[in-house]
Amino acid sequence: MNIFDQYIDKLKKILTDLSKKGTISLPDKLDGITAEIPPEKFNCDISTNVAMVISKINKKSPIELAEILVDEIKKNDKLINDISVVKPGFINIKFQPIFWTNFIQEIIKNSKTFGINTKEKKKKYLVEFVSANPTGPLHVGHCRGAILGDVIANVLLFNNHKVTKEYYVNDYGNQIINFTKSVYFRIREIKFNEPFPSYNEDLYPGAYLIDFAHNIISSKNKIDFSNFDNISDKLTALSIEEALKLIKKNLNSLGIVHDNFVSEKKLVLNQEVEKVIDFLQKNNFVYKGKIKAPAGEDTSNWVEREQLLFKSTDFGDDKDRALQKSDGAWTYFASDVAYHKNKLDRNFDHLINILGADHAGYIKRISSSVEAISKSKNKLVCKVSQLVKLIKDKKPFKMSKRKGDYITVDDLINEVGKDATRFIMLNRSSDVELDFDFDNVIEKSKDNPLYYVQYCYARIASVFRHLELNLSSEIEIKKFDFEYSSDEIKILKKISEWPKCIESASNKLEPHRIPTYLYELASLFHSYWNLGKDNSEKRFINNDKKITDDKLIFLKAISNVVKSGMDIVGVNVPEKM
RNA sequence: GCGCUUGUAGCUCAACUGGAUAGAGCGCCUGACUUCGGAUCAGGAGGUUCUGGGUUCGACUCCUAGCAGGCGCACCA
């Protein structure tokens, strides 16, 4: 039920009819026609730019064409109250109130599907997100991307697409060796009373490793901890298992559950890296060569060496990228190419990667590899989530990994809660840096948009409570013959934009549009609510402690949209606060 | 030096894929509580959308040249 799409279809039909008659000419493709709710000052319901779009090809002024169209539109639409042409050529339409009564009847009937974008075909998506190294707990830095990925998946699911949420586990490489060694030293610290080496900068100093060590010691595995080399494989597996357990717990407290965890190590052991490089070699995308030092940087330590390179410059990257290290091991990039081949083999229509800002420079090379393998440019979309600036006590809070004083997801959830974290992290476009002010996020006031939206729902719930009705149960109303006032139509207009919001959030992968929209809807509702203070006729419940059907259904429509929006964002809507 | 990205009210940010007189919140100033829960609302002040060119009927949005901030630029992952 997207009234704008419906209206555009109606306009297109009028245009083709007129062009058949020879009244107007049309371009080959009818693109760029919009229908939207205009700014409030125009005092109308829907507005279209159609006259301006066809102005050029007809060599007539938009105003002139609009006048012609207005007559036709009037003939075709009986629910119009008023229609006018406004410079520079917009056609503005005001409906009779019955239009909105019909609208609300439709969306109440189809409350389960209202908002879903029906234009698009069902597709299979893979969303890869978080993919943090399995060497410790998630910290705040991971949070934004995690929530972004999760909500993008939710939006796509809401639109009936098939979505797989995946986590790529980097359980291969030097960092994992250092991580396992660190666990080993913690075990020795416990078992043999040896101090954890402070001199070795490669080790992980975090105290959580002590827990890992305890867990491994007390597990059922019988391990002789006296010699590292004898047990390194076993210990690596156990350590990663510990880390993943913790990470999954962290994700869970954020309300995130992945469908798959794909192991880098397994890809390497299954020779998938060799296979994909072989494939690229046959297609002439791989060669032995040297990488040049970047200009303008201190290159005194630069060592030129010959290594296996991928020709990402063929796809617009600034340099070709190394696939193999000098010791013969695959680079992270090489196994990631194999991982993306693996994704492509699973026949998804679209791949989406969520990356942190610090990995933005990586996008060109990985999308180059996907293009080389799939021969398709738009298969992979990478979405970058910008930094989160933490603010505590009005001051920026810097985290230092070395010192181990970083804020973990656990800290965050304990202090702020899941809902506030999700809502605030999502409230801004992922393209801009985000200020995350602890004091503000905890505050239960209008400064906090989460509570503002929740409060709207709670107010509606309280009306239902007073009437001893259940907000979540279906309402049946036999006669839809009431008329809504202009105050109410203002809110209904906003509701009519809900499908548009979902559509753009989904097409552009910009879920921040949802909290923004919900805030605006809540704001209109709060204003409306307060009208009842000065004017008791505008209250929902009248003096006989009853509610009229139009008001009941009106509240229901608002709460439905708020609920479905908050579901996508992944936060609760309490009936009492 | 190169690449990506951001630049909109004092501050934090929106702006329906190019639309009309650019909108919210915070902060500041006025006002509304024996409330269908004030975690709310009404009103006011506040703008050369970083700068210069270009495309267009029409530009915060697209192109181009700059300026400023952020991120990145080997075999780390």
Side-chain angles (χ1 to χ4, degrees), chain A residues 4 32 34 36-39 41-42 47 49 52 55-56 61-62 86-90 92 131-133 135 170 172-176 264 291-297 299 301-305 307 316-319 321-327 329-333 335-336 356-364 384 386-387 427-429 431-435 437 440 443-452 454-456 458-459 462-463 465-467 497 500-501 503-504 507-508 512-513 516-517 519-520 523 525-534 536 539-542 545 547 576-577:
Chain A
F4 306 100
T34 59
E36 61 195 15
I37 292 176
K41 58 200 164 201
F42 293 102
S47 169
N49 66 349
M52 291 182 282
S55 144
K56 195 170 191 179
S61 80
V86 183
K87 65 177 180 182
F90 287 99
N92 288 351
S131 298
N133 291 340
T135 54
N170 305 128
Y172 172 82
N174 286 323
Q175 294 206 1
I176 289 298
E264 178 184 6
I291 297 176
K292 280 181 194 154
E297 281 230 330
T299 54
N301 295 326
W302 188 269
V303 186
E304 268 203 357
R305 50 193 147 221
Q307 52 195 156
D317 202 357
D318 7 305
K319 54 179 99 172
R321 303 294 175 174
L323 293 163
Q324 207 164 18
K325 302 181 201 172
S326 49
D327 66 359
W330 299 118
T331 59
Y332 171 81
F333 175 57
S335 47
D336 206 18
D358 51 342
H359 289 82
Y362 186 78
I363 293 175
K364 200 77 213 178
V384 173
Q386 287 299 324
L387 287 178
N427 200 22
R428 303 287 184 218
S429 156
D431 296 333
V432 298
E433 288 188 11
L434 178 92
D435 284 355
D437 186 330
N440 207 325
E443 199 175 338
K444 299 192 172 182
S445 75
K446 62 183 169 182
D447 295 357
N448 190 330
L450 168 69
Y451 295 109
Y452 188 83
Q454 285 181 330
Y455 188 44
C456 159
R459 276 181 150 171
S462 105
V463 173
R465 211 167 34 244
H466 277 277
L467 296 163
E497 289 185 303
K500 267 192 168 191
C501 170
E503 186 182 335
S504 63
N507 289 349
K508 300 177 96 171
H512 76 277
R513 288 164 185 276
T516 304
Y517 171 90
Y519 187 90
E520 288 163 1
S523 170
F525 173 77
H526 288 310
S527 295
Y528 182 82
W529 177 280
N530 279 274
L531 291 176
K533 284 183 178 168
D534 298 331
S536 60
R539 294 180 160 216
F540 291 103
I541 301 174
N542 61 27
K545 298 271 175 205
I547 191 168
K576 276 184 182 176
M577 290 173 72

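Chain identifiers are assigned alphabetically (A, B, ...) following the order of the sequence lines, protein sequences preceding nucleic acid strands; residue numbering begins at 1 within each chain.
Checked against side-chain hydrogen bond (donor to acceptor under 3.5 Å, both in side chains), A:Glu520 has the following partners two or more places apart in sequence or in another chain: A:Lys494. In terms of the salt bridge (Lys or Arg N to Asp or Glu O under 4.0 Å) criterion, residue partners of A:Arg513 (sequence neighbours excluded) are, by chain and number, A:Glu510. Applying the salt bridge (Lys or Arg N to Asp or Glu O under 4.0 Å) test to A:Asp435 and every residue at least two apart in sequence or in another chain returns A:Lys389. In this view, A:Asn542 and A:Asp544, A:Lys546 satisfy the side-chain contact (heavy atoms from CB on, under 4.5 Å) rule, not counting sequence neighbours.
Centre separation under 5.5 Å together with a plane angle under 30° does not hold for the ring of A:Tyr519 and the six-membered base ring of B:A24, so they are not marked as stacked.
Taking only side-chain nitrogens and oxygens, A:Tyr452 comes nearer than 4.0 Å to OP1 or OP2 of B:C41. A sub-4.0 Å separation between OP1 or OP2 of B:A77 and a side-chain N or O of A:Lys325 is present.
On a pure distance criterion of 3.5 Å, a polar donor-acceptor pair joins the side chain of A:Ser47 and the base of B:A20.
Distance noted for atom P between B:C60 and B:C50: 10 Å (whole Å).
Pairing of B:U55, defined by two Watson-Crick or G-U wobble distances under 3.5 Å, is not identified with any nucleotide.
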Restricting to nitrogen or oxygen on both sides, can you table the protein-nucleotides 1-6 of chain B pairs closer than 3.5 Å?
from: B:G1; atom 1: N3; to: A:Ala295; atom 2: O; distance (Å): 2.8

Set out, line by line, the N/O atom pairs under 3.5 Å between protein and nucleotides 16-18 of chain B.
from: B:C16; atom 1: O2; to: A:Lys500; atom 2: NZ; distance (Å): 3.1

